[in-house]
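Here's the structure we're looking at; comments come further down.
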2 protein chains.
Amino acid sequence: MAEGVAGSVRPGGRTARTREAVMGALVEELSEHGYSGTSMERIATRAGVAKTTLYRRWGGVDQIVVELFTDATATAIPVPDTGSFEGDLRELTRSAVGLLLDPLARAIFDIVVGEAVHNPVARTALTQFFDRRVRGGAIVVERAVQRGEVPADTDPAEVIRQAGAPYFARIYVTGDPISLQDADRAASVTALAAREGLFPLQATSPAG
Amino acid sequence: MAEGVAGSVRPGGRTARTREAVMGALVEELSEHGYSGTSMERIATRAGVAKTTLYRRWGGVDQIVVELFTDATATAIPVPDTGSFEGDLRELTRSAVGLLLDPLARAIFDIVVGEAVHNPVARTALTQFFDRRVRGGAIVVERAVQRGEVPADTDPAEVIRQAGAPYFARIYVTGDPISLQDADRAASVTALAAREGLFPLQATSPAG
DNA sequence: TCACAAACGCAACTGGAGTTCTATTAATGG
DNA sequence: CCATTAATAGAACTCCAGTTGCGTTTGTGA
């Protein structure tokens, strides 16, 4: 994976090497100096690449981070199958919180979320990421419907969004710390609400 | 309100006028050019104030926005009292969503949230804002406890955080649109979970 | 193998954010 | 009212992110 450049006319060889060097340098810079201390010139120097190349291909640090994020999250996530709805949900929320507890993953995520507020490129990358996560998680809900654990008219996407909301809101909005406890509670609360039929289809997400 | 400057030695008269002019200019600039198009020089010119004054007193656009945010959210919010726990919760979530649906309030909020990811000043302002909101909302939970609607060992702060999470996560993380429906569902889900005792005190929020 | 152009390197340039210094204004206490 | 000095104004400056132009390298298709 990660060979070549998607929308590029000449994605092989040198271009790919440049890309790898830049992404590597970016990760190192982010780890050592944080986001505010990571400039295009530093990345260029560290990667052994001309500054103009960075500006031409990406345009800014943000864009490079977004591409790094898109790369890192391109792999499909496994859908849990513990046998129970709440068990599956707990697996999902725990894996999400686990990812957010990893420093580097968290750092990249932070940047993308911070950018997404006013940067359409970051917004798109982030939304697409969650679309994939939600689609994957929806399978868990659909199985729960088939097992009769939740009502048939349950909206799978809304259930998954509800399950993810608490710890993301803690991190990015209220500024509270998170732990695996938050994952477990989010799963419990969501499972309960879903069983009680609080996520009916209709009115929400008109384009299924 | 908003007369003078808090930590200032000479807060009256000119200083206060400058402040007002700057805040007014900031709001106009944000409305017309958005965040990325709002520079210190533009604000200075529009406010009829020297650029140096802005840099001395604030240091950057972000800081001015944070002060604007802190000002605007300084007023205490009324605590609803509809007679039922779920009714009170719904009032709370609806007023929050209502605020987020107002363009200017939303714009300011966006900036602060986006900044808070990597800017301690914004982080503090945002966290303090939610501390107040949560403290206010907690009263609703405490009354529910007294009425016997929810278990006695319910953690009020966690209940309020849970109620707010869904729409904030939609806006700032997944990037989905919000409506008053999201407010109602958040209230329903949270009320149900609280009644079932899913927010026990202990383990969370060690410093009450 | 060869021609073409995509992608890159390099150096000079530009523009504006942020700083510094000094002079001026006006809020405050007595 | 007056002296003091906090706060502001203004011009000139520095510095670096981002741009431009052009020459060089190298991937790609024939």
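Numbers restart at 1 for each chain; the letters A, B, ... are given by sequence-line order, proteins then strands. Note that this is a predicted model, so its numbers are computed, not measured.
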Which nucleotide in dG21(D), dA6(C), dT8(D) has an atom nearest any side-chain atom of T53(B): dT8(D)
Any R19(A) side-chain N or O less than 4.0 Å from OP1/OP2 of dA7(C): no
F168(B) and F109(B) aromatic ring geometry - parallel, tilted or perpendicular at 30°/60° bounds: parallel
Nucleotide dA7(D), atom P - distance to CH2 of W58(B) in whole Å: 12 Å
Rounded distance [0.5 Å steps], CZ in F199(A) versus CG in D155(A): 9.0 Å
Value in whole Å for how far the P atom of dA17(C) lies from CD1 of I43(B): 11 Å
I43(A) CD1 to I64(A) CD1 distance, which is reported to the nearest 0.5 Å: 4.5 Å
Distance test, side-chain N/O of T15(A) to OP1/OP2 of dA7(C), below 4.0 Å: no
What nitrogen or oxygen pairs link the protein and nucleotides 14-17 of chain D at under 3.5 Å?
unit_1  : atom_1 : unit_2 : atom_2 : d
dA17(D) : OP2    : E41(A) : OE2    : 3.0

Nearest-0.5 Å distance that lies between atom OG1 in T190(B) and atom CD in Q162(B): 5.0 Å
From dC22(D), dA7(C), dT25(C), nucleotide with atom closest to R14(B) side chain: dT25(C)
Distance in angstrom units between E20(B) CD and dT8(D) P, rounded: 13 Å
Nearest heavy atoms of T127(B) and T174(A), plus distance in Å: OG1-O, 3.2 Å
Between Y172(B) and Y167(B), ring centroids under 6.0 Å: no
Protein-nucleotide distance (R42(B), atom CZ; dG18(C), atom P), rounded to Å: 15 Å
Within-4.5 Å side-chain heavy-atom neighbours: L126(A) and F69(A): yes
Gap between atoms CG and C1', on L54(B) and dG10(D) respectively (whole Å): 14 Å
Under 4.0 angstrom between R56(B) side-chain N/O and dA9(D) OP1 or OP2: no
Closest non-hydrogen atom pair, G37(B) against R42(B): O-CD, 3.3 Å
Donor + acceptor pair across side chains of E86(A), S188(A) (<3.5 Å): yes
Side chain of R17(A) - closest among dC10(C), dC8(C), dG27(D): dG27(D)
Options dC22(D), dA7(D), dA11(C), nucleotide nearest the side-chain atoms of T52(A): dA11(C)
Strand-adjacent residues in residues 112-123 of chain A, judged by heavy atoms under 4.0 Å from DNA chain C: none
